[in-house]
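Comments concern the structure below.
Here, residue 1 is the first one in the sequence, and each next residue gets the next number.
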Amino acid sequence: MKEGLKQILNIPNTLTMLRIFAILPFLFFLFWNSWQAKLIALIIFIVASFTDLVDGWLARKLKQQTKFGNFMDPLADKLFVAAALIALPSLERDIFPFWMVFFILSREFIVTYLRVFAISKSREIATMKLGKTKTTLQLVSIIVIISLIIFKKFLVQTGQIPESPGPIGIPIQDIVLKYFSNISIFITYTPTFLMFITMVITVFSGLQYIYKNRELFYTHEHKKNRNDVEN
């Protein structure tokens with residue numbers, strides 16, 4: 001039992017758990033109504049994202065890979081990303097539609113269930129390249145979006161732009177023509193574009209996980225029947 005506890009409390013797993021504990025201070029500073037506080041939230045998110053890269057590398061380097069870590073590492077990522085995705089539309093109205101968040105989080109919870117289901121069958125689901133790309137894209141998108149929120153807050157507090165950029169229903173041709181010349185349009189629409197791309201990659205990677213591991217849902221009898229038919 002002590003040996004098992006030592007394995008769980010290794011350096012990579014500790015970094016993973018710290019990522020989960022960082023969610024509350026991240027949200028606290030994110031909702032503080034000043035660009036300086038939001039900058040602290042951004043730093044917390046970047047550091048937490050960095051630990052996601054480091055803990056896996058350390059686990060392999062120190063030969064401290066555990067089943068606990070293999071399960072908790074992606075779960076910690078999902079919890080942190082979920083907290084950010086739910087918080088951002090609440091923080092900034094019209095930053096991106098909540099249905100995008102719904103599709104992203106639905107994918108994350110389905111894949112998490114798939115991993116738990118695999119463990120119940122003494123199986124392990126390997127992380128796919130597209131899954132890693134999805135995670136990186138989510139983290140980068142959130143970092144860029146929070147950075148834009150900080151920049152907008154700074155410009156508003158210093159009186160350089162108004163709080164509201166005007167009506168959202170701007171014709172698409174005006175958005176394209178003024179995207180890089182109008183700072184209000186750039187700040188307003190970039191999060192939506194980024195989140196849409198992120199949502200598409202996220203959902204597609206989830207479908208790939210389900211397809212690649214579809215045999216998990218076959219019962220022993222189904223497998224036997226299939227083998228009989230093939231033979």
Original post:
Taking it one step at a time, do Leu114 and Ile110 satisfy side chain to side chain contact (heavy atoms under 4.5 Å, CB included)?
Top reply: CA-CA 6 Å; Leu114 195 62; Ile110 289 172; 5.6 Å; no
Subject >> Phe151: partners by side-chain contact (heavy atoms from CB on, under 4.5 Å), with sequence neighbours left out >> reply: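 With sequence neighbours excluded, Phe151 shows a side-chain contact (heavy atoms from CB on, under 4.5 Å) to Leu155, Ile183, Ile187, given in chain and number order.
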Starting from [Y], can I reach [X] by hopping between I/L/V/M/F/W/Y residues whose side chains sit under 4.5 Å apart?
{"X": "Ile86", "Y": "Leu137", "value": "no"}
{"X": "Ile95", "Y": "Leu39", "value": "yes"}
{"X": "Leu24", "Y": "Leu30", "value": "no"}
{"X": "Leu130", "Y": "Val140", "value": "no"}
{"X": "Val81", "Y": "Ile46", "value": "yes"}

Quick one: closest heavy-atom pair of [X] and [Y], and the distance?
{"X": "Ala83", "Y": "Leu27", "answer": "O-CD2, 3.9 Å"}
{"X": "Val111", "Y": "Gly206", "answer": "CG2-CA, 4.2 Å"}
{"X": "Val101", "Y": "Pro89", "answer": "CG2-CG, 4.1 Å"}
{"X": "Gln157", "Y": "Ser34", "answer": "NE2-CA, 3.6 Å"}
{"X": "Leu194", "Y": "Ser141", "answer": "O-OG, 4.1 Å"}
{"X": "Phe96", "Y": "Leu88", "answer": "CZ-CB, 3.9 Å"}

Original post:
So Met128 and Thr133, side chain to side chain contact (heavy atoms under 4.5 Å, CB included) or not? Walk me through it.
Top reply: CA-CA 9 Å; Met128 298 179 184; Thr133 301; over 6 Å; no
Inspect the surroundings of [atom1] in [X] and state if more than 12 heavy atoms from other residues, nucleotides or ligands are less than 6.0 Å away.
{"X": "Phe102", "atom1": "CZ", "value": "no"}
{"X": "Phe98", "atom1": "CZ", "value": "yes"}
{"X": "Phe204", "atom1": "CZ", "value": "no"}

With side chains defined as the heavy atoms from C-beta onward, is the minimum distance between [X] and [Y] less than 4.5 Å?
{"X": "Met100", "Y": "Leu85", "value": "no"}
{"X": "Tyr211", "Y": "Gln208", "value": "no"}
{"X": "Thr158", "Y": "Phe154", "value": "yes"}
{"X": "Phe186", "Y": "Leu148", "value": "yes"}
{"X": "Ile104", "Y": "Met195", "value": "yes"}
{"X": "Thr112", "Y": "Leu75", "value": "yes"}
{"X": "Lys152", "Y": "Ile149", "value": "no"}

Euclidean distance, [Y] [atom2] relative to [X] [atom1], rounded to 0.5 Å:
{"X": "Ile197", "Y": "Thr202", "atom1": "CD1", "atom2": "OG1", "result": "11.5 Å"}
{"X": "Lys134", "Y": "Asp77", "atom1": "NZ", "atom2": "CG", "result": "7.0 Å"}
{"X": "Ile20", "Y": "Leu15", "atom1": "CD1", "atom2": "CG", "result": "12.0 Å"}
{"X": "Asn13", "Y": "Met72", "atom1": "CG", "atom2": "CE", "result": "8.5 Å"}
{"X": "Ile146", "Y": "Leu91", "atom1": "CD1", "atom2": "CG", "result": "9.0 Å"}
{"X": "Gln36", "Y": "Lys153", "atom1": "CD", "atom2": "NZ", "result": "10.5 Å"}

Original post:
Which class fits the ring pair Phe103 and Trp99: parallel under 30°, tilted 30 to 60°, perpendicular over 60°?
Top reply: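 Geometry flag for Trp99 against Phe103: perpendicular rings.
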**OP:** Would you please classify the geometry between the Phe29 ring and the Trp32 ring as parallel, tilted or perpendicular, with 30° and 60° separating the classes?
**Re:**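 Geometry flag for Phe29 against Trp32: parallel rings.
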Original post:
Can you name the salt bridge (Lys or Arg N to Asp or Glu O under 4.0 Å) partners of Lys38, sequence neighbours left out?
Top reply: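 Result, salt bridge (Lys or Arg N to Asp or Glu O under 4.0 Å) vs Lys38: none returned.
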Original post:
Is a side-chain donor or acceptor of Tyr209 paired with a backbone partner of Arg115 at a separation under 3.5 angstrom?
Top reply: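 No, the answer is negative, given that no donor and acceptor are paired below the 3.5 Å cut-off.
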**OP:** Starting from the C-alpha separation in whole Å, work towards a yes-or-no answer on ring-ring contact (aromatic ring centres under 6.0 Å, His included) for Phe80 and Phe26.
**Re:** CA-CA 9 Å; Phe80 212 110; Phe26 163 72; 5.4 Å; yes
